[in-house]
S.K.: 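Pasting a structure below so you can have a look.
Values in this document were obtained by computation on a predicted structure and should not be read as measured data.
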Amino acid sequence: MPDRNSKSRLGQSQVPEAREFDFLEGEWDAVCGFPRPDGSWGEGPGTLKATKILDGCASMEFFEGPYQGEIIKGLGLRAFNPKSRCWEHTRTDTSSPGGFLVWRGRFRRENIDLGEWDDDSGQRILSRLTWSHITGRSAHWESHRSLNDGKTWTKHWVIDFTRKETKK
């Protein structure tokens with residue numbers, strides 16, 4: 001029988017990179033920017049709560065806020081893969097449940113780009129998620145898409161996060 005008081009084998013063998021998303025743990029207010037059909041940008045408030053799970057080996061997040069003009073609820077799961085030395089992230093939300101694409105990437109110079117191919121209605125789409133401007137109190141996130149194998153990119157969602165004040 002396993003010793004319930006000991007850390008898991010995975011938790012003991014984590015490499016330093018496995019802590020790079022620790023900044024996201026906690027509760028955040030969000031300002032979400034999204035393109036409107038007329039080409040202008042809309043903006044609205046949102047929230048995010050991220051929690052480490054599985055002895056710190058993974059992070060689960062709950063998001064609520066505007067996407068393409070409607071309020072959605074989303075669930076994300078992120079973990080560092082020590083074999084590939086990459087972050088892996090998947091998500092689903094109320095606008096299009098299921099699908100569970102996996103974005104993969106590494107931190108480089110305080111930023112991380114997570115990318116993966118998507119098949120949306122038969123159209124081949126390259127999707128890139130970028131975290132930047134990360135501090136203890138704030139972070140910036142962008143989502144871009146390419147319909148031409150990465151030759152050009154279109155920004156289609158932007159979120160600025162501010163950590164919620166902790167209650168004393």
Side-chain angles (χ1 to χ4, degrees), residues 15-25 28 30-50 52-54 57-135 138-162:
V15 295
E17 293 96 332
R19 299 188 53 89
E20 290 171 326
F21 266 103
D22 284 4
F23 76 88
L24 196 56
E25 186 172 17
W28 299 81
V31 177
C32 309
F34 52 88
R36 294 183 173 134
D38 67 2
S40 66
W41 277 75
E43 188 176 281
T47 60
L48 180 114
K49 181 178 181 179
K52 286 198 235 178
I53 58 173
L54 304 176
C57 294
S59 175
M60 185 167 48
E61 65 186 42
F62 297 95
F63 170 82
E64 186 169 343
Y67 174 68
Q68 297 181 341
E70 67 180 72
I71 300 299
I72 65 166
K73 294 180 181 180
L75 169 68
L77 183 63
R78 178 182 302 106
F80 184 77
N81 182 329
K83 291 181 182 175
S84 67
R85 301 191 73 82
C86 282
W87 281 96
E88 297 178 357
H89 173 80
T90 190
R91 67 177 311 276
T92 191
D93 60 53
T94 54
S95 72
S96 57
F100 294 104
L101 302 171
V102 177
W103 290 268
R104 291 176 179 85
R106 293 183 176 98
F107 270 90
R108 289 180 173 74
R109 287 183 252 126
E110 305 300 317
N111 296 330
I112 186 167
D113 280 323
L114 301 169
E116 184 61 37
W117 291 103
D118 181 11
D119 184 6
D120 187 0
S121 303
Q123 176 86 38
R124 191 171 176 189
I125 299 174
L126 181 60
S127 176
R128 182 176 71 207
L129 311 178
T130 303
W131 287 91
S132 63
H133 307 293
I134 299 165
T135 72
S138 62
H140 180 78
W141 178 89
E142 293 186 5
S143 177
H144 295 82
R145 288 188 175 165
S146 175
L147 301 176
N148 56 13
D149 293 330
K151 292 181 184 102
T152 59
W153 292 88
T154 302
K155 187 184 315 184
H156 79 102
W157 201 9
V158 177
I159 305 175
D160 285 304
F161 293 97
T162 303

S.K.: Quick one: pull up NZ in K151 and CG in L126 and give me the separation to the nearest 0.5 Å.
M.R.: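 With rounding to 0.5 Å, NZ (K151) is 11.5 Å from CG (L126).
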S.K.: Using every non-hydrogen atom in the two residues, find where P66 and P45 come nearest and quote the distance to one decimal.
M.R.: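 Scanning both residues, the minimum pair turns out to be CD-O, 3.2 Å.
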S.K.: Suppose we screen for side chain to side chain donor-acceptor pair (under 3.5 Å). Which residues come up paired with S96, at least two apart in sequence or across chains?
M.R.: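 For S96 there are no side chain to side chain donor-acceptor pair (under 3.5 Å) partners, ignoring immediate neighbours.
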S.K.: Please tell me if the side chains of F62 and L75 come closer than 4.5 Å, counting only heavy atoms from C-beta onward.
M.R.: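 Side-chain contact under 4.5 Å: yes.
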S.K.: Going by ring-ring contact (aromatic ring centres under 6.0 Å, His included), name the residues that satisfy it together with F34, two or more places apart in sequence or in a different chain.
M.R.: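 Testing F34 for ring-ring contact (aromatic ring centres under 6.0 Å, His included), a comparison that skips the adjacent residues, returns none.
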S.K.: Distance from I71 atom CD1 to S95 atom OG, nearest 0.5 Å?
M.R.: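 Result: 11.5 Å between the selected atoms.
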S.K.: Please examine the side chains of L147 and T154, heavy atoms only from C-beta on, and report whether any two atoms are closer than 4.5 Å.
M.R.: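 With C-beta onward as the side chain, the pair stays apart.
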S.K.: With distance as the sole test, does T92 use its side chain to make a donor-acceptor pair with the main-chain N or O of G98 at under 3.5 Å?
M.R.: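 Yes, because the side chain of T92 sits within donor-acceptor range (under 3.5 Å) of the backbone of G98.
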S.K.: Could you list the residues that satisfy side-chain contact (heavy atoms from CB on, under 4.5 Å) with T152, not counting sequence neighbours?
M.R.: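 Listed in chain order: N148.
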S.K.: Please round to the nearest 0.5 Å and tell me the distance separating atom CG of L24 and atom CH2 of W141.
M.R.: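 Nearest 0.5 Å value for the CG-CH2 distance: 11.5 Å.
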S.K.: About how many Å separate NE2 of H156 and CZ of R128, when rounded to the nearest 0.5 Å?
M.R.: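 Nearest 0.5 Å value for the CZ-NE2 distance: 10.5 Å.
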S.K.: Looking only at heavy atoms, what is the nearest atom pair of G65 and F63, with distance?
M.R.: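 So the minimum-distance heavy-atom pair works out to N-CE2, 3.4 Å.
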S.K.: Does any pair with a residue in residues 64-75 pass salt bridge (Lys or Arg N to Asp or Glu O under 4.0 Å), and if so which ones, sequence neighbours excluded?
M.R.: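 Those involving residues 64-75 do not exist here.
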S.K.: Rounded to the nearest 0.5 Å, what's the gap from CD on E20 to CZ on R78? Could you check?
M.R.: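 One gets 11.5 Å once the value is rounded to the nearest 0.5 Å.
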S.K.: Does NZ belonging to K52 count more than 12 external heavy atoms closer than 6.0 Å?
M.R.: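 Enclosed: over 12 neighbouring heavy atoms sit under 6.0 Å from NZ of K52.
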S.K.: Listed by chain and number, what are the side-chain contact (heavy atoms from CB on, under 4.5 Å) partners of K155, not counting sequence neighbours?
M.R.: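 side-chain contact (heavy atoms from CB on, under 4.5 Å) check on K155 returns W41, E142, H144, V158.
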S.K.: Test of understanding: with side-chain contact (heavy atoms from CB on, under 4.5 Å), list the residues that count as partners of A30, not counting sequence neighbours.
M.R.: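 Here the qualifying residues are C32, I159, F161.
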S.K.: Over all heavy atoms of both residues, which pair between A139 and W28 is shortest? Give the atoms and the distance, please.
M.R.: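 Where A139 meets W28 most closely, the heavy atoms are N-CZ3, 4.3 Å.
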S.K.: Of W131, W103, F21, which meets ring-ring contact (aromatic ring centres under 6.0 Å, His included) against W87?
M.R.: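 One option only clears the test, and that one is F21.
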S.K.: In Å, rounded to the nearest 0.5 Å, how long is the span from NZ of K49 to CD of E25?
M.R.: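 It comes to 10.0 Å.
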S.K.: Shortest non-hydrogen contact from D93 to G74?
M.R.: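 Between these two residues, the closest heavy atoms are CB-CA, 3.7 Å.
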S.K.: Between G76 and H89, what is the shortest heavy-atom contact and its length?
M.R.: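 Heavy atoms only, the tightest pair is CA-CE1, 4.3 Å.
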S.K.: What I'd like to find out is whether the side chain of F80 reaches to under 4.5 Å of the side chain of E88, using heavy atoms alone.
M.R.: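 No. Closest side-chain heavy atoms not under 4.5 Å.
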